[in-house]
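Chain naming here is simple, since letters A, B, ... match the order of the sequence lines and numbering starts at 1 in each.
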Amino acid sequence: MVLKLHNTLSRKKEDFTPLDADKGVRMYVCGPTVYDTAHIGNARPVVVFDVLFRLLNSLYPKVTYVRNITDVDDKINAKAAETGEDIRTITERTAALFHADMAALNTLEPDFEPRATDHIAEMQVMIADLIEKGFAYEAEGHVLFSVNAMDEYGKLSGHDRDQIIAGARVEVAPYKKDAADFVLWKPSTGEEPGWDSDWGFGRPGWHLECSAMSNKYLGQTFDIHGGGQDLIFPHHENEIAQSRCSHGTDIMARFWMHNGYLMAEGEKMSKSLGNFYTVNELLGEFPGEAIRLALLKTHYRQPMDFTKDGIADAKTILNKFYTALKKMAGVQLENEPDIPTEILNALCEDLNTPKALSELHQILNDLNSSMGTSGWSGDLESFKAKLLGAGKVLGLLQQDPEDWFKGTTSADDLDEAAIEALIAERLQARADKDFATSDRIRDELAEQGVVLEDGAEGTTWRRV
RNA sequence: GGCGCGGUGGCGGAGAGGCUACGCAGCGGCCUGCAAAGCCGUGUACACCGGUUCGAAUCCGGUCCGCGCCUCCA
């Protein structure tokens with residue numbers, strides 16, 4: 001099985017092989033800046049690279065996944081100034097909420113989750129190194145990376161220096177030698193977070209942490225670096241410049257992967273338009289698994305219009321799968337299920353999750369038609385293993401069907417005891433052939449989001 | 001202005017020179033006291049205009065529309 005991944009460096013799909021089999025597969029993904037609640041656009045890369053992490057884990061014996069937390073940034077400073085809150089309080093709270101939200105989306109934790117503020121020393125070492133090697137210079141309390149010192153600057157994004165300057169909308173700081181130079185270190189006032197350094201009291205530029213931390217946890221060169229497409233320039237371009245010039249290497253990461261942009265309800269997400277869904281608010285309305293599936297229904301590189309209708313659609317789909325799994329609750333699996341070949345093939349084709357989901361539906365269709373109306377036939381153990389094996393790599397279908405159907409997303413849902421009581425009442429009415437009463441009870445429950453199903457083995461219920 | 005991505009059936013969404021996925025919704029049927037779930041059947045769509053080709057949604061040229069990035073970003 002050959003894994004093919006689209007590499008932003010070449011703009012093509014390439015066969016993936018680890019750089020160093022002994023070190024395993026090493027992947028770095030840009031994580032959140034913890035100044036505000038995660039929105040759905042922040043969740044897309046987390047979910048996408050979570051699938052990749054799961055896939056790599058099934059293909060290779062060892063995978064190391066690093067995702068940073070940016071906890072020093074001017075947006076955080078601005079937030080603190082605005083609310084009067086302590087910076088540490090903001091970053092701790094936001095990071096905790098991020099973790100909770102991402103866990104609700106069924107994402108696995110990375111192996112390392114380094115924070116920028118814990119790696120100031122490593123960043124300072126890198127700055128000193130870049131100055132020494134002639135790639136960076138000091139000016140008015142700043143340290144700047146000298147873009148002209150690097151021949152291949154702009155390779156990732158396809159920009160060249162002249163174009164960058166021609167289109168610039170921000171006025172060029174006077175202390176820069178070249179308009180395209182970017183900051184490695186900048187001075188802080190007493191109000192702002194800062195650290196002592198050879199270049200005065202200050203703080204790092206925002207690209208530097210990823211260079212320093214990926215080096216610390218993964219090495220000078222590693223396999224995969226991921227993030228949102230908006231990070232290609234300048235963030236990743238600058239990371240490459242810092243790391244390669246500091247280490248004297250030809251590459252920083254072999255594969256650069258970028259997920260596409262997200263819109264919300266047909267418009268670009270913006271706070272002023274009020275179409276800015278946070279993961280947290282969506283979780284109050286939909287199960288996390290449905291939100292996850294809604295994200296995976298679109299290929300990761302495609303632009304995506306994220307809608308509540310899309311989540312509702314995803315929830316309907318999950319209902320079908322969990323219905324089948326509920327019917328097979330008594331079927332025991334001997335072994336840990338493997339990923340079905342057709343699912344693996346789809347995912348190995350640059351993480352084609354929509355294709356994989358299509359194959360998953362095919363498995364369900366085969367199962368359901370084998371069960372037919374007359375009951376059970378076919379190799380149920382094999383079907384269940386396929387559904388769960390596919391679900392595992394996609395991060396879906398792993399919960400107990402009972403929990404899926406009976407779990408609540410809202411506190412004012414009818415409680416189980418009340419539902420059971422009404423079902424008992426209705427059962428009696430049906431036994432008495434009092435179908436008017438029977439149907440009334442069913443309608444009442446339906447109004448409260450509870451659907452009844454009369455089967456051969458009695459009446460079951462589920463929430464919609 | 002520069003660089004890049006995209007426009008597929010009512011909706012979502014793969015694919016990518018001939019075999020025309022998949023899902024949701026709809027419609028007809030089976031099952032059911034009636035439902036629900038499930039099953040069976042049912043839809044020749046690829047922005048527009050040219051071109052290449054025996055054949056194009058897929059390749060080439062142009063047009064229109066949407067979106068992103070263009071440096072210490074909001």
Please set out all donor-acceptor pairs under 3.5 angstrom arising from side-chain atoms of residues 201-212 of chain A, sequence neighbours excluded.
residue, atom, partner, partner atom, Å
A:R203, NE, A:D74, OD1, 3.2
A:R203, NH1, A:P187, O, 3.2
A:R203, NH1, A:S188, OG, 3.0
A:R203, NH1, A:E192, OE1, 3.1
A:R203, NH2, A:D74, OD1, 2.8
A:R203, NH2, A:D74, OD2, 3.4
A:H207, NE2, A:N238, ND2, 3.1
A:E209, OE1, A:N68, ND2, 3.1
A:E209, OE1, A:T70, OG1, 3.0
A:E209, OE2, A:T70, OG1, 3.1
A:S211, OG, A:E239, O, 3.1
A:S211, OG, A:Q242, OE1, 2.8
A:S211, OG, A:S243, OG, 3.0

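- Candidate nucleotides B:C69, B:C73, B:G33 were compared by shortest atom distance to the side chain of A:S438, and B:G33 ranks first.
- Put simply, the side chain of A:D305 and the base of B:G12 share no donor and acceptor less than 3.5 Å apart.
- In this structure, A:N238 does not reach the B:U71 phosphate: none of its side-chain N or O atoms is under 4.0 Å from OP1 or OP2.
- Among the atoms of the strands shown, base atoms are found under 4.0 Å from some heavy atom of A:D454.
- Neither OP1 nor OP2 of B:A37 sits under 4.0 Å from any side-chain N or O of A:T323.
- For A:R442 against B:C34, a side-chain N or O and a base N or O form a donor-acceptor pair under 3.5 Å.
- Nucleotides B:G41 and B:C34 are separated by 24 Å at their P atoms, to the nearest Å.
- Atom CG of A:D309 is separated from atom P of B:A25 by 12 Å (rounded to the nearest Å).
- A:K79 has no carboxylate O lying under 4.0 Å from a charged side-chain N of A:E85, or vice versa, which leaves the two without a salt bridge.
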Practice problem: Give the dot-bracket string for RNA chain B, reading 5' to 3', where a pair is Watson-Crick or G-U wobble with both distances under 3.5 Å, ( ) marks pairs inside the strand, [ ] marks pairs crossing earlier ones, | marks a partner on another strand, and . marks unpaired. | Solution: (((((((..(((.....[...))).(((((.......)))))....(((((..]....))))))))))))....
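- Contact of the A:Q124 side chain with the A:W199 side chain is registered, since non-hydrogen atoms from C-beta on lie closer than 4.5 Å.
- If you measure from atom CD of A:E82 to atom P of B:A74, you get 13 Å, rounded to the nearest angstrom.
- Residue A:T307 is out of contact with every strand shown, counting any heavy-atom pair closer than 4.0 Å.
- Here A:E453 lies in heavy-atom contact (under 4.0 Å) with a base.
- When the P atom is used for both B:U63 and B:C3, the distance is 14 Å, rounded to whole Å.
- A distance of 13.0 Å separates NZ in A:K176 from CZ in A:F145, rounded to the nearest 0.5 Å.
- Annotation: ring pair (Phe, Tyr, Trp, His ring centres under 6.0 Å) contacts of A:H236 (sequence neighbours excluded): A:H225, A:W256, A:H258.
- Listed by chain and residue number, A:R426, A:A429, A:R430 satisfy the side-chain contact (heavy atoms from CB on, under 4.5 Å) test with A:S438 (two or more places apart in sequence, or in another chain).
- In this structure, A:K315 has no salt bridge (Lys or Arg N to Asp or Glu O under 4.0 Å) partners at least two apart in sequence or on a different chain.
- Residues that satisfy the salt bridge (Lys or Arg N to Asp or Glu O under 4.0 Å) test with A:R115, not counting sequence neighbours, are A:E92.
- Spacing between B:G18 and B:C5 at atom P, rounded to whole Å, works out to 23 Å.
- Across the P atoms, B:G13 and B:G50 are found 30 Å apart, a figure rounded to whole Å.
- Spacing between B:U8 and B:G66 at atom C1', rounded to whole Å, works out to 15 Å.
- Mapping A:Q302 and A:H207 onto RNA chain B via the closest heavy atom, the residue that lands nearer the 5' end is A:Q302.
- The phosphate of B:A37 has neither OP1 nor OP2 within less than 4.0 Å of any side-chain N or O from A:N319.
- The distance between atom CG of A:D443 and atom P of B:C34, rounded to the nearest whole Å, is 16 Å.
- A:L231 places its CG atom 15 Å from the C1' atom of B:G4, with the value rounded to the nearest Å.
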Below 3.5 Å is the cut-off: list the nitrogen or oxygen pairs between protein and nucleotides 17-22 of chain B, distance only.
residue, atom, partner, partner atom, Å
B:C22, O4', A:S358, OG, 3.1

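- A:R462 and A:E453 are joined by a salt bridge, as a carboxylate oxygen and a charged side-chain nitrogen come within less than 4.0 angstrom of each other.
- Contact annotation: A:K176 reaches the phosphate of B:C72 (side-chain N/O to OP1 or OP2, under 4.0 Å).
- Checked by atom type, the side-chain pair A:Y175/A:H142 shows a donor-acceptor distance below 3.5 Å.
- Scanning atom types as modelled, no donor and acceptor separated by under 3.5 angstrom connect the side chain of A:Y261 and the base of B:C69.
- As rounded to the nearest Å, B:G28 and B:G43 have P atoms that lie 16 Å from one another.
- Counting non-hydrogen atoms under 4.0 angstrom, A:K186 reaches a base of the nucleic acid.
- Proximity note for A:T298 (side chain, C-beta onward) versus B:C69, B:G13, B:G33: the nearest is B:G13.
- Ranking B:U71, B:G2, B:G38 by closeness to the A:N368 side chain, first place goes to B:G38.
- Rounded to whole Å, atom P of B:G6 lies 12 Å from atom OH of A:Y300.
- Comparing B:C22 with B:C48, their C1' atoms are spaced 28 Å from each other, to the whole Å.
- When distances are taken from the side chain of A:K320 to each of B:C70, B:G38, B:C73, the shortest belongs to B:G38.
- Scanning for salt bridge (Lys or Arg N to Asp or Glu O under 4.0 Å) contacts around A:K308 gives A:E285, with sequence neighbours left out.
- Here B:G2 presents its P atom at 20 Å from CD of A:E237, a figure rounded to the nearest Å.
- Considering only residues two or more places apart in sequence or on other chains, A:H299 meets the side-chain contact (heavy atoms from CB on, under 4.5 Å) condition with A:R301, A:Q302, A:D350, A:N352, A:P354.
- When the P atom is used for both B:G38 and B:C70, the distance is 47 Å, rounded to whole Å.
- Cation-pi check for A:K4 over A:F16 is not met; the charged atom does not lie both under 6.0 angstrom from the ring centroid and within 45 degrees of its normal.
- In the set B:A37, B:C24, B:U71, B:U71 carries the atom at the smallest distance from any side-chain atom of A:A180.
- Listed by chain and number, the residues in a salt bridge (Lys or Arg N to Asp or Glu O under 4.0 Å) with A:E402 are A:K406 (sequence neighbours excluded).
- Within the nucleic acid shown, A:L452 comes within 4.0 Å of at least one base atom, counting heavy atoms only.
- Within the 4.0 angstrom heavy-atom criterion, only backbone atoms of the sugar-phosphate kind lie near A:D313; the bases stay farther away.
- Contacts between residues 421-433 of chain A and RNA chain B, defined by a heavy-atom separation below 4.0 Å, involve A:R426, A:R430, listed by number.
- Annotation: side-chain hydrogen bond (donor to acceptor under 3.5 Å, both in side chains) contacts involving residues 384-398 of chain A, sequence neighbours excluded, comprise A:E336-A:K392.
- Annotation: of the two residues near RNA chain B, A:G455 and A:T316, the 5′-most nearest-nucleotide partner is A:T316.
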